[in-house]
Amino acid sequence: AKARGRNGYQFYSPSMSGEGLERLRLEALLRRAIEKNEIFLHYQPQVEIGTGRLVGVEALVRWHNPELGLVAPSRFIPVAEDMGFIKPLGQWVLAEACRQAASWDRAGLVVPKMAVNLSVRQFERGSIAEQVSTVLRDAGLGPGRLQLEVTESVIMNSGDALQLVNDLDAIGVGLAIDDFGTGYSSLAYLQQLPVQTLKIDRSFIKDISLDAGGDRNHEAIAVAIIQLGKSLNLSVIAEGVENEEQAAFLLRHGCRQAQGYLYGRPVAPDELLTRWRRDADE
Ligand code: C2E
Ligand code: CA
Ligand code: CA
Ligand code: CA
């Protein structure tokens, strides 16, 4: 395999594995993916468990490349982060999601909350709040309609995290802690953050079952997170809810919002509109 040396000279590197080559190819294709219109968003409903009412949607990025087919975000997001491409990608996602929410408004579907994932690299210094303000203004979307999802590690690993989330809070944008329970946030620190929502990670939901087959430890963690949310006056949403048993369990323990295949898979904007506008009309 060839790799570029310090002086730009091509040399053979015996350590360059097939995997390395695969990675280089992925990077090269990803770098051009936005301009080639290969990147798009799907949206997954977030609902109130008791009523089935739509409370929001989460924007999830998709990449379809003619050579590679559909590439999973778990495969290309880490690559985008490493190669410094996550900023333009994240910026595109944010702008597109806000435009979409405003466009649904005009089409007669008001989605109360648009949730967008932020990766750690987007969270490094710089003027994230300023960028977000500009995007919202351009889209004509009120800041209260946007919720940014960050993981615990994003917040704990960023030195300026408190400052950055306070800046976002100041412009009126909501903040959710994603995959909650899998990281290591200090509860004292959590209390200082202007966060509105905890998202219980799917790993604590997937084994919930009403019979004895459930993973009792995971169930206990889910319940503890729900109670923590209550104590700190935060809303709690469960992710990865796939069946009625899980929904019933969550409701019984006081978790009122959920997202998961039970309510709908991530879908293209038109499909979400058709499905939920009809619902809102009823
Ligand atoms: P996440 O933020 O935890 O998103 C939830 C993931 O769970 C999504 O996978 C979603 O399709 C999937 N999911 C939803 N409901 C269910 C369910 O009931 N069962 C199961 N088994 N899975 C469910 P997806 O779309 O493949 O995204 C994977 C991860 O990629 C996301 O995890 C997020 O960390 C990252 N990601 C996706 N879009 C973006 C983005 O625009 N920016 C950034 N920075 N990361 C993104
Ligand atoms: Ca998320
Ligand atoms: Ca999540
Ligand atoms: Ca998760």
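Order of appearance sets the numbers: ligands from 1, and atoms from 1 within every ligand. The figures that follow rest on heavy atoms only: side chains count, while hydrogens, waters and symmetry mates do not.
Taking Ile, Leu, Val, Met, Phe, Trp and Tyr as members and joining any whose side-chain heavy atoms lie under 4.5 Å apart, directly or through other members, the hydrophobic cluster of Leu70 also contains Phe40.
Leu146 has its side chain within reach of Val116: a pair of non-hydrogen atoms, C-beta onward, lies under 4.5 Å apart. No side-chain heavy atom of Asp82 sits under 4.5 Å from any side-chain heavy atom of Val79.
The Ca ion (ligand 2) lies under 3.0 Å from an N, O or S atom belonging to Glu58. Residue side and main chain included, Asp179 places no N/O/S atom under 3.0 Å of the Ca ion (ligand 2).
Contacts between Glu239 and ligand 1, counted as non-hydrogen atom pairs separated by less than 4.0 Å, involve the side chain only. Of the heavy atoms in Asp178, only side-chain atoms (C-beta onward) come closer than 4.0 Å to ligand 1. Here Ser119 has heavy atoms under 4.0 Å from ligand 1 in both its backbone and its side chain.
If you number the atoms of ligand 1 from 1 as listed, the ones under 4.0 Å from a heavy atom of Val93 come out as 41 (O).
The distance between the ring centers of Tyr43 and Trp104 falls below 6.0 angstrom.
Within the structure, the closest approach of Ala72 to ligand 1 does not fall below 4.0 Å when heavy atoms are considered. Proximity of Arg62 to ligand 1 is established by a heavy-atom distance of less than 4.0 Å.
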